[in-house]
Engineer: 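Supplied in structure tokens, the structure appears directly below.
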Amino acid sequence: MTIHKSFMTVLALVFALASASLSAQETYTLRLAETWGPNSPILGEATRHMASMAEKMSGGRLQFRIDSSNKHKAPFGIFDMVKAGQYDMGHTASYYYKGSIPNAMYFTTVPFGMIAPEQYAWFYYGGGMELMEKVYRPHGLLSFPGGNTGNQMGGWFREEIKSVEDLQGLKMRTPGFAGEVMSEVGVAVTNIPPGELYSSLERGTIDALEWVGPALDFQMGFHQIAKYYYSGWQEPGAEVQFLINQKTWDKLPAELQEILRVSMRTAAYDMYIQSMHESGVAWDRMKEDYPDVTHKTFPPEVIEALRDATEKLLAEEAEKDELAREIITSQRDYLKQVRQWTNISDKAYLNSVSGE
Ligand code: CA
């Protein structure tokens, strides 16, 4: 009896050890769809960087199969494909999906909103992650910050913008909430996939466009067609995102979830500083090689009109939907507080050393 009992105990122990070691060896291949084209610089590098870190840190237990837009043919369909389980993960921008999930747009950037460090502080310490979860969980999705472009430029314009009148009927590519704001002040707004931007501007399908900033704009060649390069107001710190299907996430052992989480956060941070670096290099070269390129800031009356339109539309969104109101209020309150610090630190520093 005793012998039999201890034999059973040993057997149970062996079984437990075997299954633990099996699960420790199990590998998970995650299919990831990105909005970007193959070998996309910076944006696509963030995806590949995340995958490579997670593979290494997990000793190969996490594997990724990344499909770029040439493969899945749906650059703005990432949300739907990850939701449907067609892909486990996505790398895209939340505001591309304002049509199907309006409250998603606040997690990329908001016109006249927070700059990147302020927004990261809001995400991780100011309640942003919790609000993003509230928006995505009902869709069976998790969303994580996936890299920041830094402050985006207001775009490339063929003609100088001297007044609000100059915006009337102007055909411009601007996605997200900023597009709605521009519509409000009279711009004919359109969103065009990245691959068609140059030809659209060249053919005159559009008169102006905004993409990102020197880091990504330079290689697109827009400066060869439109010479006025305006500083921005619309995307003070655009964050792209990693999307994960909740079922995929739940299947992963806790340690792999943590490896994935850390890889996404590190890749996001790296994209932010890489954007800073590449923009510095690209702007320096652009000024040197294309002296016709003219930097501009929008006149105060234009900025004022855009700000009024932003406030009006945000108020309308807050009125329509309770969760929208919660997000808008959270962002506004957070900005109000953190900006006081930005003003006496970075802003005051830059003002006092201006000319460098
Ligand atoms: Ca942009």
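As the structure lists them, so they are numbered: ligands from 1, and atoms in each ligand from 1. The structure presented is a predicted model; accordingly, all values stated were derived computationally and were not measured.
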Engineer: Would a distance-only check, ignoring hydrogens and angles, find a side-chain to backbone donor-acceptor pair under 3.5 Å from Gln219 to Ala215?
Structural biologist: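 Here the side-chain-to-backbone pair exists.
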Engineer: Which atom name does Glu235 have for its N/O/S atom nearest to the Ca ion (ligand 1)?
Structural biologist: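 This residue's closest N, O or S atom turns out to be OE2.
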Engineer: Return the CG to CG distance between Leu142 and Leu243, rounded to the nearest 0.5 Å.
Structural biologist: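 Reported value, rounded in 0.5 Å steps: 9.0 Å.
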Engineer: Has Glu118 got a side-chain atom pairing as donor or acceptor with Ile115's backbone, closer than 3.5 angstrom?
Structural biologist: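 Present.
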Engineer: Counting only N and O atoms by type, is there a donor-acceptor contact under 3.5 Å from the side chain of Asp217 to the main-chain atoms of Gly213?
Structural biologist: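 It does hold such a pair.
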Engineer: So that I can check it, does any N, O or S atom in Trp211 come closer than 3.0 Å to the Ca ion (ligand 1)?
Structural biologist: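 An N, O or S atom of Trp211 is closer than 3.0 Å to the Ca ion (ligand 1), so yes.
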Engineer: To the nearest 10 degrees, how large is the angle at the Ca ion (ligand 1) between Gln152 OE1 and Glu210 OE1?
Structural biologist: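 Gln152 OE1 and Glu210 OE1 form an angle of 100° at the Ca ion (ligand 1).
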